[in-house]
K.L.:
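Have a look at this one before I ask anything.
Everything quoted here is computed from the prediction, not taken from an experiment. Along the sequence shown, the residues carry numbers beginning at 1.
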Amino acid sequence: VQLQASGGGLVQAGGSLRLSCAASGRPFKNYAMGWFRQAPGKEREFVAAISWSGDSTSYADSVKGRFTISRDDAKNTAYLHMDSLKPEDTAVYYCAADRGSRGSTWSGDYDYWGQGTQVTVSS
């Protein structure tokens, strides 16, 4: 499956952004989806995941209550809605697809990755 992430940009602290991850090539509904991010000089870290059925989600503690992951199987797209953004949320955000059903917090479980979209939050 091919993944295309979009929606990043520059936003002030406290603002919102919605990232999209468009999938093509294989049935989107068969994959759990995840979002990860990588800030300069840091390792890639888990942000959020959603199961293939959409009935189970998980979040990193740092974004819980501020970010929401969702999916629209009819549009073959996953989303990450980000509210109350902070400067420490600045990173390149990647979406990924996992053939497992649950949506892992570990990047090694994911089979396909998008190219990343830059999110910059100014203070």
K.L.:
Which heavy atom of R71 sits nearest a heavy atom of G54, and at what distance?
P.N.:
CD-CA, 4.1 Å
K.L.:
Between V47 and Y112, is there a shared hydrophobic cluster once you connect ILVMFWY residues whose side-chain heavy atoms come closer than 4.5 Å?
P.N.:
yes
K.L.:
Looking at I69, is its backbone amide N or carbonyl O close enough to the side chain of Y59 to form a donor-acceptor pair, meaning the two atoms are under 3.5 Å apart?
P.N.:
yes
K.L.:
Minimum heavy-atom separation for G114 to Y94, with atom names?
P.N.:
O-CD2, 3.6 Å
K.L.:
Quick one, R26 with D111, criterion salt bridge (charged side-chain N to carboxylate O under 4.0 Å, His left out). Give me CA distance, side-chain angles, the key distance, then yes/no.
P.N.:
CA-CA 13 Å; R26 294 198 179 192; D111 305 289; over 6 Å; no
K.L.:
Would the distance check show the side chain of Y110 and the main-chain N or O of A32 forming a donor-acceptor pair, the cut-off being under 3.5 Å?
P.N.:
no
K.L.:
What heavy-atom pair brings S58 and T105 nearest, and what distance separates the two atoms?
P.N.:
OG-CG2, 4.2 Å
K.L.:
Checking Y93 against R37 for the side-chain hydrogen bond (donor to acceptor under 3.5 Å, both in side chains) test, could you report, in this order, the C-alpha distance in whole Å, the side-chain angles of both residues, the deciding distance, and whether it holds?
P.N.:
CA-CA 4 Å; Y93 283 70; R37 66 186 182 187; 2.9 Å; yes
K.L.:
Could you tell me which residues satisfy side-chain hydrogen bond (donor to acceptor under 3.5 Å, both in side chains) with S16, sequence neighbours excluded, listed by chain and number?
P.N.:
D83
K.L.:
If you take all heavy atoms of F28 and A78, which pair is closest and at what distance?
P.N.:
CZ-N, 3.8 Å
K.L.:
If every non-hydrogen atom of T90 is compared with every non-hydrogen atom of A39, which pair is closest and at what distance?
P.N.:
O-CB, 3.6 Å
K.L.:
Is there a side chain to side chain contact (heavy atoms under 4.5 Å, CB included) between W35 and I50? Walk through the geometry before answering.
P.N.:
CA-CA 9 Å; W35 287 94; I50 187 166; over 6 Å; no
K.L.:
Using only atom types and a distance under 3.5 Å, with no angle test, would you say the side chain of T117 pairs donor to acceptor with the backbone of G8?
P.N.:
yes
K.L.:
How close do S20 and T77 get, heavy atom to heavy atom, and via which atoms?
P.N.:
CB-CG2, 4.2 Å
K.L.:
Would you verify whether the NZ or CZ of R99 falls within 45 degrees of the ring axis of W52 while also being under 6.0 Å from that six-membered ring's centre?
P.N.:
no
K.L.:
Is the count of non-hydrogen atoms from other residues, nucleotides or ligands lying under 6.0 Å from K42 atom NZ greater than 12?
P.N.:
no
K.L.:
What residue among V121, L10, V119, D89 forms side-chain contact (heavy atoms from CB on, under 4.5 Å) with L17?
P.N.:
V119
K.L.:
Same cluster or not: are V1 and M33 linked, directly or through other Ile, Leu, Val, Met, Phe, Trp or Tyr residues, by side-chain heavy atoms under 4.5 angstrom apart?
P.N.:
yes
K.L.:
Does Q4 reach the main-chain N or O of C21 with its side chain, forming a donor-acceptor pair under 3.5 Å?
P.N.:
no
